[in-house]
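Notes for the one structure printed next.
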Amino acid sequence: MTDLSSRYGTSKRPRWFWPAVAAVGITLGVAFAAWVGFQKDPVTGRLWGYDVVDDHTVSITLDVIRPDPVAARCTVYAQAEDHSIVGEKTINLPATDKEKVRVTADIETERAAVNGVLRTCVVVD
């Protein structure tokens, strides 16, 4: 039998090397996650409510919050009982000085829907 160090050689790195690399990596990961998590969204949309008017119409109400006066575009859709999308609408909102705006829109559907859903609200370039 041969000695393993004579066959494979010895490690040149000190014992603290890999724990130090892991600590630096974890610190950078946590810092990046905090930076992403605390960034302020330019536009935030919240579903305030919906009303199934009839078999071909869903009325949806949104609260759109914009700290800066920017134009926004919100996309909403209606879902059927089997979770398929049966109607969709894009709502364009002009820039305004009001931080919070309540918007109501009617979505035409191809068949009966059971709810309305807010997909996105984004800044318009």
Side-chain angles (χ1 to χ4, degrees):
M1 265 179 114
T2 62
D3 186 28
L4 290 179
S5 62
S6 65
R7 179 182 281 184
Y8 298 111
T10 58
S11 176
K12 304 287 184 201
R13 293 188 181 99
R15 292 183 74 127
W16 55 266
F17 180 75
W18 289 114
V21 168
V24 168
I26 290 170
T27 302
L28 289 174
V30 168
F32 178 74
W35 177 69
V36 169
F38 289 117
Q39 284 195 348
K40 189 175 172 183
D41 288 334
V43 175
T44 304
R46 294 186 190 143
L47 179 64
W48 190 82
Y50 66 88
D51 181 32
V52 179
V53 179
D54 57 34
D55 283 349
H56 295 286
T57 309
V58 174
S59 179
I60 192 164
T61 304
L62 307 172
D63 284 338
V64 181
I65 298 106
R66 299 175 283 187
D68 300 323
V70 294
R73 177 179 299 131
C74 295
T75 305
V76 293
Y77 63 91
Q79 275 184 322
E81 192 171 5
D82 63 353
H83 301 286
S84 61
I85 297 173
V86 294
E88 185 171 342
K89 186 169 190 171
T90 299
I91 305 164
N92 291 310
L93 303 165
T96 181
D97 290 335
K98 292 182 181 179
E99 184 173 339
K100 182 178 176 183
V101 177
R102 182 161 288 167
V103 180
T104 301
D106 290 335
I107 306 169
E108 292 183 21
T109 62
E110 63 184 28
R111 58 189 164 109
V114 293
N115 66 0
V117 181
L118 170 65
R119 179 173 289 168
T120 61
C121 279
V122 296
V123 174
V124 177
D125 294 331

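Worth saying up front: this structure is predicted, and the values here are computed from it rather than measured. For this chain, numbers begin at 1 and follow the sequence in order.
- Asp97 is linked by a side chain to side chain donor-acceptor pair (under 3.5 Å) to nothing, counting only residues two or more places apart in sequence or in another chain.
- There is a path of hydrophobic side-chain contacts, each under 4.5 Å, that joins Val101 to Tyr50.
- Contacts of Arg46 classified as side chain to side chain donor-acceptor pair (under 3.5 Å), with partners at least two apart in sequence or in another chain: none.
- Note on Val124 and Leu118: separate hydrophobic clusters, where clusters join Ile, Leu, Val, Met, Phe, Trp and Tyr whose side-chain heavy atoms are under 4.5 Å apart, directly or indirectly.
- Membership of the apolar cluster around Trp35 extends to Phe32, Val36, as traced through chained side-chain contacts below 4.5 Å between ILVMFWY residues.
- To the nearest 0.5 Å, the span separating OG1 on Thr109 from CD1 on Ile107 amounts to 8.5 Å.
- Partners of Phe38 under the side chain to side chain contact (heavy atoms under 4.5 Å, CB included) rule, at least two apart in sequence or in another chain, are Ala34.
- Under the side chain to side chain contact (heavy atoms under 4.5 Å, CB included) criterion, Ala80 pairs with Asp82, Ser84, Val86, Arg111, not counting sequence neighbours.
- Connectivity analysis of hydrophobic side chains (ILVMFWY, heavy atoms under 4.5 Å, direct or indirect) links Trp18 to Phe17, Val21.
- Glu88 is not listed as a side-chain neighbour of Val76, based on a closest heavy-atom distance of 4.5 Å or more.
- The list of disulfide bond (SG atoms under 2.5 Å apart) pairs with a residue in residues 7-53, not counting sequence neighbours, is empty.
- You'll find the side chain of Val43 stays beyond 4.5 Å of the side chain of Ile65, heavy atoms only.
- Counting heavy atoms from C-beta on, the side chains of Arg73 and Leu93 never come closer than 4.5 Å.
- Within the 4.5 Å cutoff, the side chain of Ile91 has heavy atoms near those of the Leu62 side chain.
- No continuous path of hydrophobic side-chain contacts links Val114 to Trp48 [ILVMFWY only; heavy atoms under 4.5 Å].
- Interatomic distance, Thr90 OG1 to Arg119 CZ, rounded to the nearest 0.5 Å: 9.0 Å.
- Around the CD atom of Glu81, the shell of radius 6.0 Å holds no more than 12 heavy atoms that belong to other residues, nucleotides or ligands.
- In this structure Thr61 satisfies the side chain to side chain donor-acceptor pair (under 3.5 Å) test together with Thr104, sequence neighbours excluded.
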- Message: Run Leu47 and Ile60 through side chain to side chain contact (heavy atoms under 4.5 Å, CB included) and show every step you take.
- Response: CA-CA 8 Å; Leu47 179 64; Ile60 192 164; 3.3 Å; yes
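- Through direct or relayed side-chain contacts under 4.5 Å between Ile, Leu, Val, Met, Phe, Trp and Tyr, Trp16 connects to no other residue.
- Residues passing the side chain to side chain contact (heavy atoms under 4.5 Å, CB included) test with Val53, sequence neighbours excluded: Asp51, Thr57, Ser59.
- Counting only residues at least two apart or in different chains, disulfide bond (SG atoms under 2.5 Å apart) contacts with residues 39-125 comprise Cys74-Cys121.
- Taking a 4.5 Å side-chain heavy-atom cut-off between Ile, Leu, Val, Met, Phe, Trp and Tyr, the cluster of Val117 extends to Tyr77, Ile85.
- Atom OG1 of Thr44 is separated from atom CZ of Arg66 by 11.0 Å, given to the nearest 0.5 angstrom.
- Between the His56 side chain and the Glu108 main chain, no donor and acceptor come within less than 3.5 Å of each other.
- In terms of heavy atoms, Ala105 sits closest to Lys89 at CB-CD, 4.4 Å.
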